[in-house]
Amino acid sequence: MSRKPFHLAWFISKGYGPKGWRQQWGGSNPKSWVKPDLLVSLAQSLERAAFDYVMIEDSSNIPYTYKNSHETYLRYAVDSPKLDPSVLAPFMMQATSRIGIVTTLSTTEYNPYMLARLTNTLDHVSDGRSGWNIVTGSNDGGAQNYGHERQFPHDERYDMADEYVELVQKLWDSWDADAMVIDQEKEIFADPTKVRPVHHEGKYFRSRGPLSGPRCPQGHPVICQAGGSARGRTFAARWAETIIASATSIAGMKAFRDDIRAQAAAFGRNPDHIKVLFLVAPIVDEYKEAALARKEGRLQEARTHMEFYLAHMSRLTGIDFSKYDLDEPLPQLTSNGHQTVASAYSGRTPRQIIEAGRSISDADLVGTPDSVARQMSEIIDTVGGDGFLVTDPEFTRRYICEIADGLVPALQKMGVVRTNYQHVMLRDHLLEF
Ligand SMILES: Cc1cc2nc3c(=O)[nH]c(=O)nc-3n(C[C@H](O)[C@H](O)[C@H](O)COP(=O)(O)O)c2cc1C
């Protein structure tokens, strides 16, 4: 192998929600989406392909931003409905033994003690394979479900999240690794000198501690983050061990990664301890022509379901896109939701945004497994590392197999990704290269 391999993870867009229910290859019973089976089978397929982790996206409301109504969201299942990812995660953990399982949990929805306890438990039951994707909330409808009028201001949400993570880490650290003695002869279960209250009294949060359960195998479950705005990046550079990023160009990927690494170094961290993975949705097929035709199919799908995508864009940004003409360039937009997304929309027409979104980035990964594998390797060479976050906008069983059993073997043949796990715990996978 000429250089370090790169990492692969999978992004379950639409979380624990309906998958491919309109698609031809979506599966025989779309009503069974409420059961974990499809996503458990995804985790098993990705483990066969030795992925670092699978990340379960989440949001916890039925949105109503588009046309001020739930109608479009419910009719087409746009970003909803979703079941709780922390219930799905243990099913995936039970059915696998190596792959990391990363659960999205919001700092504005969970109480920090509850979250520390939940993530600590997930790490125990998975033998150290659990991760927490930190999100801070975006849609006002979400905040309203938790008793707030609207989301806290964007940057303040990250200030709150800084204190939140400090508290959660104190709680994770409230038990020493060797505190649980379980000595039957001496009749000592836990050594009381090795378990401490945390007595946290901060600007936003209070908690006494200690945590109700012993320290988990990783000590701290792996922290994953996706903030794209200036404040979001600073937060990610301070805390994240893996960052999931969406960039619209290869130059953008490089700039993003360079920025994160520089900021992490300024925080006194080793930049190599942060793996930045870029969102891609490769299309592979036996023949290039077939892959290109399927790319065209993705575009056609978008053109015939404009409302679906307008509603999605509205949910992300809190801006009602029914008010804009499909073919008029949008004005400068600001958002208290996903800021990076809103600024990327500005000046483009909604139609352009939707059509471009179907290819996710200008890293147009369309072709045979071998040609796409070469392209991916070249991108990583240009960007400098660390890997990709694969996603499937349509999510079909066929796609999972194409990636796990078509694309990944081509990458393995080139020697650019791992063929077998060397470790059990998620952090060890991330730090392996
Ligand atoms: C690949 C990727 C996955 C994301 N997954 C989620 C998610 O599951 N839930 C969520 O609320 N936000 C999710 N986000 C949004 C981010 O957490 C963050 O809110 C967003 O990037 C906006 O941050 P910014 O305002 O700092 O740009 C995701 C973003 C990206 C790029």
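Indexing begins at 1, ligand by ligand and atom by atom, following the structure's order.
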Are there any protein N or O atoms under 3.5 Å from the N or O atoms of ligand 1? List them with distances, or say none.
residue: ligand 1; atom: 8 (O); partner: Asp58; partner atom: N; Å: 2.9
residue: ligand 1; atom: 9 (N); partner: Asp58; partner atom: O; Å: 2.8
residue: ligand 1; atom: 21 (O); partner: Ala226; partner atom: O; Å: 3.0
residue: ligand 1; atom: 23 (O); partner: Tyr158; partner atom: OH; Å: 3.3
residue: ligand 1; atom: 25 (O); partner: His154; partner atom: NE2; Å: 2.5
residue: ligand 1; atom: 25 (O); partner: Gln339; partner atom: N; Å: 3.2
residue: ligand 1; atom: 26 (O); partner: Tyr158; partner atom: OH; Å: 2.8
residue: ligand 1; atom: 26 (O); partner: Gly228; partner atom: N; Å: 3.3
residue: ligand 1; atom: 26 (O); partner: Ser229; partner atom: N; Å: 3.1
residue: ligand 1; atom: 26 (O); partner: Ser229; partner atom: OG; Å: 2.5
residue: ligand 1; atom: 27 (O); partner: Gly228; partner atom: N; Å: 3.2
residue: ligand 1; atom: 27 (O); partner: Ser229; partner atom: N; Å: 2.9
residue: ligand 1; atom: 27 (O); partner: Thr340; partner atom: OG1; Å: 2.2

* What residues form a ring pair (Phe, Tyr, Trp, His ring centres under 6.0 Å) with Tyr324, not counting sequence neighbours? -> Phe321
* Do we get Arg75 above Phe308's six-membered ring, with its NZ or CZ under 6.0 Å from the centre and within 45° of the axis? -> no
* With sequence neighbours excluded, what pairs up with Asp127 under the salt bridge (Lys or Arg N to Asp or Glu O under 4.0 Å) test? -> none
* **Minimum-distance pair of heavy atoms, taken over all atoms of Trp10 and Phe51** => N-CD2, 3.9 Å
Side chains of residues 328-335: which donor-acceptor partners sit under 3.5 Å, not counting sequence neighbours?
residue: Ser335; atom: OG; partner: Thr317; partner atom: O; Å: 2.8
residue: Ser335; atom: OG; partner: Gly337; partner atom: N; Å: 2.7

* Between Phe6 and Phe388, does the ring centroid distance fall short of 6.0 Å? -> yes
